[in-house]
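In what follows, a structure is listed as structure tokens, so that the remarks can point back to it.
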Amino acid sequence: ICLAPLDSQALVPVVREAAAAKLPVVLYDSGLDDRTDVISFVATDNFKAGYVSGEMAAAILPKDRTAKIAIVEGDPAYAVVKLDTDGFRAALDKAGANYQIVAAQPTNWTPDEGEAVCQNFLTAHEDLDLIFSQADDMAIGCARAIEAAGSDVTLIATGGGSKLGADAIMAGEMYGSVCTRPRYLGELMFQAMYEAVTNPDTPKARYVSYDMPQITKDTIADCPEQW
């Protein structure tokens, strides 16, 4: 059985029942609070995705003053939002970056909402140094707002690997993003399911993910477009 839970607790009893019936369970994309009876959890490491974005930001932020950052968040109902931000901040802190997050606002993951949020940011904080978008989709809209405002703020994202995101990077509308690979994640999911069925000794509670390099103009070929 493969499950993609929308709630981190509701399906825990179901997984226990499946395990008791000797049915292996693989989780895909989103996890459960208790994964004791799960064979594999196959997912993008969203903390790491945020961390890689933070490393990118730390390398390009001004060093002679406190840099001002705004964050375009996704839907707060999703755990990925906090993980992205926590990873982003962890990388900045490890690098010793001198920064202040002056604004953060949620969206429903669409370009239109990304554009509206960035318009708000640019109006309220004309001296922004960097905007961090938690997905390519919102960054596309944010790039429109930046162009309309005539701002020179730097835009980066995570959750990258889309054709629109790659085009924006190559056009100079976005500095960079982080390579996420949903198609490959699906391949890993089916591989984990196959292993669970064919190898009874497969250890439980495995975490399965993949590398996520930075995407910039110079490294765009390292992340084949996934959607």
Side-chain angles (χ1 to χ4, degrees), residues 1-54 71-91 104-111 113-114 132-139 157-162 165 177-212 223 225-227:
I1 300 173
C2 181
L3 300 173
L6 293 177
D7 183 289
S8 63
Q9 297 179 348
L11 289 176
V12 170
V14 175
V15 172
R16 288 178 183 154
E17 290 181 19
K22 306 299 183 183
L23 288 172
V25 176
V26 171
L27 299 182
Y28 174 74
D29 195 44
S30 54
L32 296 174
D33 290 344
D34 182 356
R35 299 200 292 270
T36 305
D37 294 312
V38 171
I39 297 296
S40 298
F41 174 34
V42 183
T44 296
D45 185 339
N46 290 299
F47 180 90
K48 181 179 178 182
Y51 194 94
V52 174
S53 294
I71 302 178
V72 185
E73 300 173 337
D75 186 331
Y78 290 82
V80 59
V81 170
K82 184 176 186 304
L83 290 169
D84 276 345
T85 297
D86 287 351
F88 181 70
R89 298 191 68 149
Q105 190 170 331
T107 70
N108 63 359
W109 306 102
T110 65
E113 287 216 358
F132 168 49
S133 172
Q134 292 186 340
D136 271 2
D137 287 352
M138 294 94 76
T158 190
S162 67
S177 188
V178 177
C179 183
T180 53
R181 305 175 63 187
R183 185 181 303 161
Y184 182 53
L185 194 67
E187 294 174 10
L188 293 175
M189 175 197 72
F190 282 109
Q191 181 179 333
M193 293 175 70
Y194 179 79
E195 290 174 355
V197 171
T198 59
N199 182 6
D201 296 325
T202 300
K204 288 186 176 181
R206 293 189 307 162
Y207 180 67
V208 180
S209 192
Y210 55 91
D211 291 334
M212 288 175 286
C223 186
E225 296 162 2
Q226 292 277 301
W227 70 93

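Here the structure is a predicted model, which means the values were calculated and not measured.
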Practice task
Hey, could you give me the SG/CD1 distance between Cys2 and Ile39, rounded to the nearest 0.5 Å?
Solution key: 12.5 Å
Exercise for the section: Check the side chains of Tyr210 and Thr44 for a donor-acceptor pair under 3.5 angstrom, ignoring hydrogens and angles. Expected result: yes
Handout entry: Pairs flagged by ring pair (Phe, Tyr, Trp, His ring centres under 6.0 Å) wherever residues 10-39 is involved - sequence neighbours left out
Key = none
Problem - Beyond-backbone contact of Asp45 with Tyr207, side-chain heavy atoms, under 4.5 angstrom - result: yes
Exercise for the section: Tell me, with the steps shown, if Phe41 and Leu32 meet side-chain contact (heavy atoms from CB on, under 4.5 Å). Expected result: CA-CA 9 Å; Phe41 174 34; Leu32 296 174; over 6 Å; no
Problem - Trp109 side chain reached by Val81 side chain, heavy atoms, under 4.5 Å - result: yes
Exercise for the section: Start with the C-alpha distance between Asp211 and Arg181, add both sets of side-chain angles, then the distance that settles salt bridge (charged side-chain N to carboxylate O under 4.0 Å, His left out), and finish with yes or no. Expected result: CA-CA 9 Å; Asp211 291 334; Arg181 305 175 63 187; over 6 Å; no
Compile the donor-acceptor pairs under 3.5 Å between side chains in residues 189-197 and protein atoms, sequence neighbours left out, one pair per line.
unit_1	atom_1	unit_2	atom_2	d
Gln191	NE2	Glu195	OE2	3.3
Glu195	OE1	Arg206	NH1	3.3
Glu195	OE1	Arg206	NH2	3.0

Handout entry: Leu3 and Val25, any side-chain heavy atoms less than 4.5 Å apart
Key = yes
Handout entry: Heavy-atom donor-acceptor pair, Thr107 side chain to Gly114 backbone, under 3.5 Å
Key = no
Handout entry: Between Gln134 and Thr85: side-chain donor-acceptor atoms closer than 3.5 Å
Key = yes
Completion exercise
Shortest non-hydrogen pair, Ala19 vs Asp37, comes out as CB-CB, 3.7 Å
Exercise for the section: Please step through side-chain contact (heavy atoms from CB on, under 4.5 Å) for the pair Val52 and Thr158, ending with a clear verdict. Expected result: CA-CA 8 Å; Val52 174; Thr158 190; over 6 Å; no
Practice task
State which residues pass side chain to side chain donor-acceptor pair (under 3.5 Å) with Asp136; sequence neighbours excluded, sorted by chain then number.
Solution key: Ser162, Ser177
Handout entry: Asp33 backbone acceptor or donor facing Ser8 side chain under 3.5 Å
Key = no
Problem - CG on Asp84 to OH on Tyr78, rounded to 0.5 Å - result: 13.5 Å
